[in-house]
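Just so you know, ligand 1 is whichever comes first in the structure, and atom 1 is the first atom listed for that ligand. Residue indices begin at 1 and follow the sequence shown.
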Amino acid sequence: MDGPAASGKSTVGARVAARLGYLYFDTGVMYRAVTWAALDRDIPIEDEAAVTDLAFRLRIEVLPPTVADGRQYTVLADGQDITWAIRQPEVDRGVSPVSAYAGVREALVAQQRRIGQEGGVVMVGRDIGTVVFPEAEVKIYLDASPEERARRRHREMLARGQEASYEEVLADLKRRDGLDSSRAIAPLRPAPDAVIVDSTSLTIEEVVARVLEIVQKALEAACCYGA
Ligand code: DC
């Protein structure tokens, strides 16, 4: 499942995975973890070689929630809990350049393929259908208007006690959309065979139902192909 920031991928992905009994894996967390670790270690984000080296060395673990504080999962970087730290505005600002580095993508895509190779996973990101698993059985591209996505992200931030104006959030989303879709390597775009779901005027449950319908159809097609 791919799509731009705040398109609802993580909420929908987690619910779809729960309904199917599949693992849910949000790959954005890995790019955020590398960005956080670079900031934490005073590695300049512009230093591609040093950031790439960090991406290959950093041990990123995504576990079931270890604290009941509203988190979907726990993220550890070399054993340190960074679940909430990776949502800070400094990480939001640094993550697009970090995720444009070829070596960073090489390091993280290799880990993502290991996690998904057995199947039974709902993997969420920007390039899952185009690069990480071009053979995935089901590909969804989840979209929504920038204004609706900004409203959702703004509400989330306020709920976490982070201060930001709606206008700032909208400007930041548009900036990140631009960077994510124009980068040379693995830019954000729907795979040719992805089903595009526009969630602008749908509730979360409606989007979940639509995605489950798409999965069901794909399973039926796979089961009876050539029978
Ligand atoms: O989904 P998110 O906002 O947590 O993702 C953070 C950044 O990571 C986003 O700006 C683009 C990048 N990303 C990527 O390039 N490829 C992925 N598969 C997932 C995220």
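Trp36 is listed as a side-chain neighbour of Val91, based on a closest heavy-atom distance under 4.5 Å. Looking only at side-chain heavy atoms (C-beta outward), Thr11 and Val207 stay at 4.5 Å or farther from each other.
In summary, the atoms of ligand 1 found under 4.0 Å from a heavy atom of Gly28, numbered by their order in the structure, are 4 (O), 5 (O), 19 (C), 20 (C). The distance from ligand 1 to the heavy atoms of Ser96 drops below 4.0 Å at these ligand atoms: 10 (O).
Look at Arg105 and you'll find a heavy atom under 4.0 Å from some atom of ligand 1. Within the structure, the closest approach of Gln112 to ligand 1 does not fall below 4.0 Å when heavy atoms are considered.
For the pair Asp26 and ligand 1, the shortest N or O to N or O distance does not fall below 3.5 Å. Here's the thing with Thr27: one of its N/O atoms is less than 3.5 angstrom from an N/O atom of ligand 1.
If you look at Arg126 next to ligand 1, the close heavy atoms, those under 4.0 Å, come from the backbone and the side chain alike. Residue contacts with ligand 1, taken as heavy atom pairs separated by less than 4.0 Å, do not involve Arg175 at all. Using a 4.0 Å cut-off between heavy atoms, Met30 makes no contact with ligand 1 at all.
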Step-by-step salt bridge (charged side-chain N to carboxylate O under 4.0 Å, His left out) determination, Lys174 to Asp177: CA-CA 5 Å; Lys174 286 186 171 170; Asp177 284 356; over 6 Å; no
Pair Val131-Arg113, side chain to side chain contact (heavy atoms under 4.5 Å, CB included): steps then yes or no: CA-CA 10 Å; Val131 174; Arg113 289 193 176 133; 4.1 Å; yes
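Enclosure of atom CD in Glu163 is not indicated, since only 12 or fewer non-hydrogen atoms of other residues, nucleotides or ligands lie within 6.0 angstrom.
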Cut-off 3.5 Å, no hydrogens considered: what does the side-chain donor-acceptor table look like for residues 57-65, sequence neighbours left out?
residue : atom : partner : partner atom : Å
Arg57   : NE   : Asp53   : OD2          : 3.1
Arg57   : NH2  : Asp53   : OD2          : 3.3
Arg59   : NH1  : Glu61   : OE1          : 2.9

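Nearest protein neighbour of atom 8 (O) of ligand 1, counting heavy atoms only, is Tyr31 CB, 3.6 Å.
For the residue pair Asp143/Ser199, the side-chain donor-acceptor check at 3.5 Å is not satisfied.
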